[in-house]
Amino acid sequence: MPLRHLLATSASFAVVSAFAAHSQQVQTGERLQPVTVYGDRSPEQPGSVATLDTETIATIDADHPAEILNQLPGVNIQMNSGQEHLIALRSPVLTGGAGQGSFLILQNGVPTRSPAFGNVNSLFEIHHETAEAIEIVRGPGSAKYGSNAVHGLINIFQGEPTFGDSLDTRISGSTLGRYKADLTGNLSSGLRASLSLQDDTGWRDNTGVEQQKLSVAYAFDAAGWDGLVWVSASNLNQETAGFIEGYKAYRDDDIASSNPNPEAYRDAQWAMGAVRLSREIGPGELTLTPFYRWQEMAFAQHFLPNGGVEENGHDAFGLQSKYEVEASDALTLRIGADADIASGWLKETQLEPFGFFPGDTRFPVGVHYDYEVDTTVLALWSELEWAVSDTVTVLAGLRGETHDYDYSTAAPPGPNGRFLVPDDREDSFDLLTPKLGAIWTPEGSAVSYYANYARGERAPQASDLYRLQSQQGIAEADVETMDSFEIGARGTALGDRLAFDVAAYHAEKENFFFRDSDGLNVTDGSTRHQGIEAQASWDVLGDGVFTVSGTATYGDHTYTFDRIVASGSEVIRSGNEVDTAPDWLGDLRLTWRPTEAFEASLSAEYIGEYFTDPGNTRTYPGHTVTSARASYAFTDDLEAFVIVRNLFDLNYADRADFAFGGNRYFPGEPLNATFGVRKRFD
């Protein structure tokens with residue numbers, strides 16, 4: 001059996017297929033596998049979930065998490081420089097506090113950041129390279145997971161020990177000077193360790209990246225408890241390239257490979273650990289997960305015209321608890337209580353004088369902000385799953401949270417040019433997030449139909465509340481709320497050769513806090529989000545030799561409020577499209593597997609046209625980038641592979657925006673090839 005299939009069968013999680021009741025013949029390892037389930041999520045639950053399995057993660061061998069996640073419907077992650085990025089899940093690509101707080105990132109079910117201290121680049125902290133599975137929930141997930149799961153969540157599952165001695169290795173190098181090594185070892189003692197290393201010289205000037213990630217898990221039994229201890233850590237040191245500027249500047253090879261900000265950098269460290277303890281108590285099972293996390297980061301603010309250096313960090317400890325009772329064959333009840341206690345800090349310093357014109361005093365040299373914030377988050381939640389009949393299941397949930405902030409500043413309070421430093425203060429926010437859904441599988445049918453309502457909420461980021469500007473009032477940021485309704489269908493057809501999942505959604509968001517293209521904060525925006533998402537995988541001949549798979553997403557993301565600024569520099573009117581929100585996203589893959597040893601695929605990723613400013617006066621035309629992959633298994637344990645990205649050497653932009661009066665771009669990588677080997681040692 002080739003190594004890619006050994007990787008797929010090494011999963012140690014309990015896996016349930018949503019399509020298992022319909023078919024056991026759908027090929028795995030393709031773009032749409034049967035919906036795989038981890039933890040307490042069951043295939044009878046409504047909602048939009050996509051899962052990438054071990055085999056797919058290993059085959060894609062992503063240099064950047066965007067390369068694998070963008071293959072899923074409703075997902076649009078824009079790569080910036082090095083490992084930097086911005087996320088969209090059923091949303092525009094969001095920046096600032098909105099980008100930090102609108103998407104919940106978890107590892108093994110535990111948030112990688114405390115709610116008030118998000119990170120727009122949150123995916124470079126997770127260990128996706130050696131993950132057992134990646135699960136993406138599209139749409140609000142706050143009722144179960146809490147604050148920040150407004151537009152959706154990404155959950156990375158690291159594998160549990162398999163209690164067998166083995167070592168899986170993957171080593172690669174690319175024509176762009178990017179070298180990677182991923183190693184995962186399992187020991188019979190119940191210990192699993194994964195190490196990922198990347199050294200990238202950078203294809204743009206002065207853009208080297210060095211990154212290391214480590215994950216360790218240990219399984220044990222103690223005093224009647226089933227236990228799992230896990231620790232993950234990452235370190236990133238990169239030289240960062242800034243935006244290139246000028247209309248369609250990405251089309252010029254020399255400009256695209258240049259770096260207007262050679263002084264820019266980003267250094268980031270992150271670590272997190274948890275202990276999961278489970279045992280039967282009374283009629284149900286109790287699960288306790290105490291955890292600790294820590295992070296620090298320093299970077300040059302190359303994306304702002306005045307530059308500056310930001311340093312930030314936070315550490316936290318907390319507890320997740322869940323008690324699950326099967327009250328009957330038809331009724332399952334889950335209740336839980338969570339706590340997260342954190343302490344964070346931020347300092348911003350401008351080192352050099354800057355002004356748009358002589359005498360411009362809005363950007364003073366020196367410290368702009370220097371504050372600490374202590375936060376306490378307490379939550380209670382419940383979830384009821386009821387099989388009303390053999391064909392209908394209902395899921396209802398409710399979560400209540402309270403967020404307390406205690407802020408103190410070391411910088412003098414008051415206005416300082418464009419910046420406003422609040423005096424010491426305390427703030428508190430309450431969240432209440434319900435959900436209600438139902439799924440219907442007609443008797444004898446291979447298709448399930450569902451409807452789902454969910455509310456997503458997020459308390460303000462610390463930076464929303466305390467990193468103010470002189471035009472703002474104190475504490476204008478409020479709880480951001482989004483109510484979403486979706487309907488969908490998933491199942492198989494054509495004699496089980498076609499697996500599909502399609503969903504349509506409508507959502508309304510209030511108290512949208514964002515930064516406009518002039519760099520000014522907007523505290524009371526509102527938006528509407530609606531669209532259709534589909535993914536499918538078709539085994540053309542029914543023998544797994546040739547498969548066509550892909551995704552298609554249509555999204556309409558619009559402002560539902562007016563903002564008429566006196567200067568006229570940016571006018572937002574209700575009905576304007578939200579910037580950086582393509583109407584269409586698409587991904588298509590053709591896979592050929594003529595033998596057990598050889599596999600080849602050709603894929604294309606499509607990004608549609610989008611506006612680059614909220615006033616809808618500038619656009620990026622979109623692009624289609626193609627890639628090819630091939631692998632050959634010489635033995636059951638040795639496989640070689642090649643990946644060619646940007647097959648036709650297209651000049652395109654990973655990100656385009658219009659800010660501070662000009663067009664700005666992060667150019668996409670040119671044609672490049674990666675060569676690698678996978679080897680398994682038993």
Side-chain angles (χ1 to χ4, degrees), residues 87 94-105 111-122 125 142 146-150 268 270 272 293-299 301 304 308-318 339-349 367-379 401-413 416 419-431 457-469 472-481 511-515 519-524:
I87 300 175
L94 298 175
T95 62
Q100 294 170 10
S102 297
F103 316 104
L104 186 61
I105 313 300
T112 59
R113 291 277 184 129
S114 293
F117 307 109
N119 176 17
V120 293
N121 297 285
S122 52
E125 294 167 345
S142 296
S147 183
N148 297 28
V150 176
W270 172 86
M272 183 174 177
R293 72 172 71 88
W294 166 88
Q295 65 82 204
E296 288 189 1
M297 181 162 55
F299 60 94
Q301 297 174 318
L304 298 178
V309 172
E310 178 180 327
E311 303 166 273
N312 66 60
H314 87 285
D315 63 342
F317 66 91
D340 187 302
I341 300 172
S343 181
W345 57 274
L346 181 145
K347 185 175 183 178
E348 177 183 311
T349 308
V367 175
H368 296 163
Y369 309 99
D370 186 0
Y371 61 75
E372 294 183 3
V373 184
D374 296 327
T375 63
T376 300
V377 179
L378 302 174
E401 287 187 0
T402 179
H403 294 241
D404 294 321
Y405 298 68
D406 187 352
Y407 156 87
S408 61
T409 177
N416 180 23
F419 311 98
L420 175 61
V421 177
D423 206 345
D424 296 356
R425 59 181 292 116
E426 296 180 0
D427 294 283
S428 183
F429 302 92
D430 296 322
L431 282 64
E457 290 190 342
R458 73 172 181 95
Q461 294 288 288
S463 58
D464 293 343
L465 291 169
Y466 311 121
R467 194 178 193 169
L468 304 182
Q469 297 174 340
Q472 289 180 255
I474 303 298
E476 288 185 341
D478 204 346
V479 173
E480 187 173 288
T481 299
N511 296 322
F512 177 34
F513 186 106
F514 67 98
R515 177 168 289 191
L520 301 176
N521 290 333
V522 181
T523 61
D524 58 351

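Hydrogens, waters and symmetry mates play no part in the numbers below; they use all other heavy atoms, side chains included.
One finds no salt bridge joining Arg293 and Glu125 here, because no Lys/Arg side-chain nitrogen approaches an Asp/Glu carboxylate oxygen to under 4.0 Å. Using a 4.0 Å cut-off between a side-chain N of Lys or Arg and a carboxylate O of Asp or Glu, Glu480 and Arg458 qualify as a salt bridge.
Between Tyr407 and Pro422 the shortest side-chain heavy-atom distance falls below 4.5 Å. Using a 4.5 Å heavy-atom cutoff, the side chains of Val367 and Lys347 are in contact. Considering only heavy atoms from C-beta on, Val377 stays 4.5 Å or farther from Ser147 through its side chain. Contact of the Val421 side chain with the Pro412 side chain is not registered, since no non-hydrogen atoms from C-beta on lie closer than 4.5 Å. With contacts defined as side-chain heavy-atom distances shorter than 4.5 Å, the pair Gln295/Asn312 qualifies. Looking only at side-chain heavy atoms (C-beta outward), Ile87 and Ser122 come within less than 4.5 Å of each other.
The line from CD1 of Ile341 to OG1 of Thr376 is 5.0 Å long, rounded to the nearest 0.5 Å. Put simply, CD on Glu310 and CZ on Phe299 are 3.5 Å apart, with the number rounded to the nearest 0.5 Å. Rounding to the nearest 0.5 Å places NE2 of His368 at 14.0 Å from CG of Leu468. In this structure, CD on Gln100 lies 4.0 Å from OG on Ser463, to the nearest 0.5 angstrom. Between the CG atom of Asp424 and the CD atom of Glu372 there is a distance of 10.5 Å, given to the nearest 0.5 Å. The distance from atom CZ of Phe429 to atom CG of Leu465, rounded to the nearest 0.5 Å, is 4.5 Å.
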For the pair Tyr405 and Arg425, evaluate side-chain contact (heavy atoms from CB on, under 4.5 Å) and give the outcome as yes or no after the intermediate values.
CA-CA 8 Å; Tyr405 298 68; Arg425 59 181 292 116; over 6 Å; no
Please step through side-chain contact (heavy atoms from CB on, under 4.5 Å) for the pair Arg467 and Glu348, ending with a clear verdict.
CA-CA 10 Å; Arg467 194 178 193 169; Glu348 177 183 311; 2.5 Å; yes
Pair Phe513, Asp478 - check side-chain contact (heavy atoms from CB on, under 4.5 Å), show working.
CA-CA 8 Å; Phe513 186 106; Asp478 204 346; over 6 Å; no
Pair Phe117-Asp315, side-chain contact (heavy atoms from CB on, under 4.5 Å): steps then yes or no:
CA-CA 10 Å; Phe117 307 109; Asp315 63 342; over 6 Å; no
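The shortest non-hydrogen separation linking Val120 to Gly96 is CG1-O, 3.4 Å. When all heavy atoms are compared, the tightest approach of Gly97 to Asp464 is CA-OD1, 3.4 Å. In terms of heavy-atom proximity, Pro111 sits nearest to Met272 at O-CE, 3.0 Å. What you find for Thr402 and Ser428 is that their closest heavy atoms are OG1-OG, 4.1 Å. Nearest heavy-atom pair, Ala298 versus Glu311, reported as atom, atom and distance to 0.1 Å: CB-CG, 4.1 Å.
Proximity of a side-chain donor or acceptor of Asn511 to a complementary backbone N or O of Val479 within less than 3.5 Å is detected. Although no hydrogens or angles enter the test, the distance criterion places a donor-acceptor pair under 3.5 Å between the side chain of Gln461 and the main chain of Pro115.
Exactly one of Thr375, Leu431, Asp430 qualifies for a side-chain contact (heavy atoms from CB on, under 4.5 Å) with His403. That residue is Leu431.
Here the two rings, on Phe514 and Phe512, have centers that are under 6.0 Å apart. Taking the six-membered ring for Trp and the full ring otherwise, Tyr466 and Tyr369 have centroids separated by 6.0 Å or more.
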